[in-house]
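Okay, so here's the structure we're looking at.
In what follows, every chain begins at residue 1, and chains take the letters A, B, ... in the order their sequences are listed. Bear in mind the structure is a predicted one, so any value in this text is a computation, not a measurement.
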Amino acid sequence: MAHDSVQLPCDGDGACMRCKVTPLAEETLTCSTCATPWHVACLASPPETLASTLQWQCPDCSGDPLPSAAGALDGTSSELFAAIRAIESDESLTEKEKARKRQELVSGRVEEDGDKEKKGKEKESSFLDVLDGSLNCSFCMQLPDRPVTTPCGHNFCLKCFQKWIGQGKRTCAKCRSTIPPKMASQPRINSTLVSVIRMAKLSKSNVAAGPMKVYHFVQNQDRPDKAFTTERAQKPGKANAASGKIFVTVPPDHFGPITAENDPARNQGVLVGECWEDRLECRQWGAHLPHVAGIAGQSNYGAQSVALSGGYEDDEDHGEWFLYTGSGGRDLSGNKRTNKEQSFDQKFEKMNEALRVSCKMGYPVRVVRSHKEKRSSYAPEKGVRYDGIYRIEKCWRKVGIQGFKVCRYLFVRCDNEPAPWTSDDHGDLPRPLPAIPELKKATDVFERKESPSWDFDEEDNRWRWKKPPPPSKRPVNAADLEDRKRARKAIRQAHTTTVRERLLKEFSCLICRQVMNLPVTTPCAHNFCKSCFEAAFSGKTAIRERSKGGRTLRSQKNVLHCPSCPTDISDFLQNLQVNRELMGVIESLKQKSEENQDAVEELSEEQVDESEENADIGSGDSETAQKTKNPDPKDDLQNPPPDSDQKRTSKRMKVDTTQVVADGE
DNA sequence: ATGTATATTCAT
DNA sequence: ATGAATATACAT
């Protein structure tokens, strides 16, 4: 640990046992598990977001002393922070009252703004009561939908705010402060507030549905350590950077979400809401590979991802859907990398054609938004953010703002996780296409005729591959391949280790402590290797005496004790039988463990590729993966079932030994 | 193979 | 503002 490792909670008097100061209430954090108060300033890794604050566990309970990263909260957030903690630590409420308040939360309203259909009259939740309505949008008096926050610290729904601005108003509807032109023209969604509202709903569903629902939505505290860059890249900063290692194991032409199976580094996949510093770092996690270009794709195959970076002024972002402009049409001769001036028409070729193919096939297209997109309220404040899967529903050409033709694409979100800007507790549902006025003047309109590859499954209630994704045409580079092999090997070895451990634990000889060879089970139900057992009685066996025959036999017989207990097992010794049932179990377990080992060693590169492609089919939906996966026996080795088999066998073993014991007696 | 385009990034 | 390094796709 790089930081000071001493971490102590507050004592009975509320004083921090580390700095001896009694912190203010706002500086105290209570562990969600053990309810111990801690001084925030003395924590090695204080929670960085409000969401993580609510569920914060103290170092003792989490056992997870992550290095600290500065996570300064702005003024608005601090208010919220205090308000939320007020709910948490409201001592005027008994547990019963808290439960009742929670119940009210459960029955609280579902937030919908005026533009959508109201879902009946819903009463204010206790969450709002506690916050004193301070978060509410002053226009619709509801928790803000797509919240935006003015510099004067007042919150509104994006749509309410835009309506207000649209009426020519330039003062805050709540305090009459002047709204800066930038805020008026480019309101940005307050992601902290999104988290707060989402969290309120979480705590709601938490009470209603028992276990906390896990949302696959990340804030930056969940990000891994700084992405790797090559030595070369580190010298002059990120200019002239080599791209650095790609952490995920998807081929470059992989369509759809990047799932945990393809994330050996974190076993998590690329989650909606994940942010990166820049395009290079984004590339390292596979969300959008091109370092410069906005479209990733191949003209004869399809487009896998796009970046909304504000490079084309015709772009129009509505969050769940947007109008995207194709690339090209600009003279970039020389070493220019930016030239906003369009000097010729765009055509459906190269990347623009790749997008059209994805439209035609209904492929899932990953979307990242860059902070450079200044005109969109949905762009992140900084860096590049993964916003999930979209489909291209239509494309066409029109005359762009600069007078030359541009390719146009209607992107509509279709992800199973909620977008980073909504506080919804569910992903996208199929929605009607928006009306596009510019389509009236469009040429070369193209609409998908066939059924889309990625579509909503009404039974599963989620988006998934309805047709197999196109097979990867791109070889995976050797380094990646090695990574993948290593990752798989590690997983399998973890499994074989547990098999071994179980073998040792349940089937070890009480004498040599090894897995039994030719197991014998005594009437007193102790198990040994036959050889160990016999060796324990070498020179003492009664067998020889017996072979002499005669009446004195019984009286001559020695009393021989079981090596593990005082039971006389001399009779058993005289007719020593290997427990063949038990031996069978042990043999099969040993074999299984060895097969797994062999599988690790024998797996050729082709086989890795093959299984990787199979895994691709279900990416974004593990259940689908199961359904569509080839019934290749190797798959079983690669994804061994959980240890249900083992439990069964070990149970059977117990029955068997009882049988043996009964027989013996 | 070689050259060029591309919605980047950083230094000069 | 402008140039250089960089990776991918695609044309030559």
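- Distance A/Asn352 CG to B/dA5 C1': 12 Å, rounded to the nearest Å.
- Protein atom OH of A/Tyr409 is 12 Å distant from nucleotide atom P of B/dA7, rounded to whole Å.
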What N/O pairs connect the protein and nucleotides 8-11 of chain C at under 3.5 Å? Give each pair on its own line.
unit_1, atom_1, unit_2, atom_2, d
C/dT8, OP1, A/Arg283, NH1, 3.2
C/dT8, OP1, A/Arg283, NH2, 2.6
C/dA9, OP1, A/Gln298, NE2, 3.0
C/dA9, OP1, A/Arg474, NH1, 2.8
C/dA9, OP2, A/Arg474, NH1, 3.2
C/dC10, OP1, A/Ser299, N, 2.3
C/dC10, OP1, A/Ser299, OG, 3.0

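- Residues A/Ser343 and A/Phe404 share a closest heavy-atom pair of O-CE2, 3.3 Å.
- Remark: A/Trp321 pairs with A/His318 by the ring-ring contact (aromatic ring centres under 6.0 Å, His included) rule, at least two apart or across chains.
- Of the residues in residues 315-324 of chain A, those with a non-hydrogen atom less than 4.0 angstrom from any atom of DNA chain B are A/Asp315, A/Tyr324.
- Taking A/Ala293 as the reference, A/Pro290 meet the side-chain contact (heavy atoms from CB on, under 4.5 Å) condition, with sequence neighbours excluded.
- In terms of the ring-ring contact (aromatic ring centres under 6.0 Å, His included) criterion, residue partners of A/Phe322 (sequence neighbours excluded) are, by chain and number, A/Tyr390, A/Phe411.
- As rounded to whole Å, 11 Å separates atom P of B/dT9 from atom CD of A/Glu281.
- One distance of note links OH of A/Tyr363 with CH2 of A/Trp454; it measures 14.0 Å at 0.5 Å rounding.
- With sequence neighbours excluded, the residues satisfying side-chain contact (heavy atoms from CB on, under 4.5 Å) with A/Pro452 are A/Arg391, A/Arg448, A/Asp455.
- Evaluation of the side chain to side chain donor-acceptor pair (under 3.5 Å) rule for A/Gln346 yields no partner, not counting sequence neighbours.
- What separates NE2 of A/His288 from P of B/dT6 is a distance of 14 Å, to the nearest Å.
- Rounded to the nearest 0.5 angstrom, A/Tyr409 OH and A/Leu355 CG are separated by 4.5 Å.
- Every residue meeting the side-chain contact (heavy atoms from CB on, under 4.5 Å) condition with A/Cys359, not counting sequence neighbours, appears here in chain and number order: A/Ile392, A/Cys395, A/Phe446.
- Judged as a side-chain contact (heavy atoms from CB on, under 4.5 Å), and not counting sequence neighbours, the contacts of A/His371 are A/Lys374.
- Nucleotide C/dT6 holds its C1' atom 12 Å from the CZ atom of A/Arg279, rounded to whole Å.
- Within the 3.5 Å criterion, the main-chain N or O of A/Ile189 finds no donor-acceptor partner in the side chain of A/Arg146.
- Contacts of residues 387-399 of chain A with DNA chain B (heavy atom under 4.0 Å): none.
- If you measure from atom NE2 of A/His291 to atom P of C/dA4, you get 16 Å, rounded to the nearest angstrom.
- Every residue two or more places apart in sequence or in another chain was checked for a side chain to side chain donor-acceptor pair (under 3.5 Å) with A/Arg366, and none qualifies.
- Per the geometry, CG belonging to A/Leu280 stands 7 Å off P belonging to B/dT9, to the nearest Å.
- Distance A/Trp276 CH2 to B/dT8 P: 17 Å, rounded to the nearest Å.
- A donor atom on one side chain and an acceptor atom on the other are found under 3.5 Å apart for A/Asp317 and A/Ser376.
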Secondary structure of DNA chain C per the Watson-Crick/G-U criterion (both distances under 3.5 Å; [ ] crossing, | other strand, . unpaired) is |||||.||||||
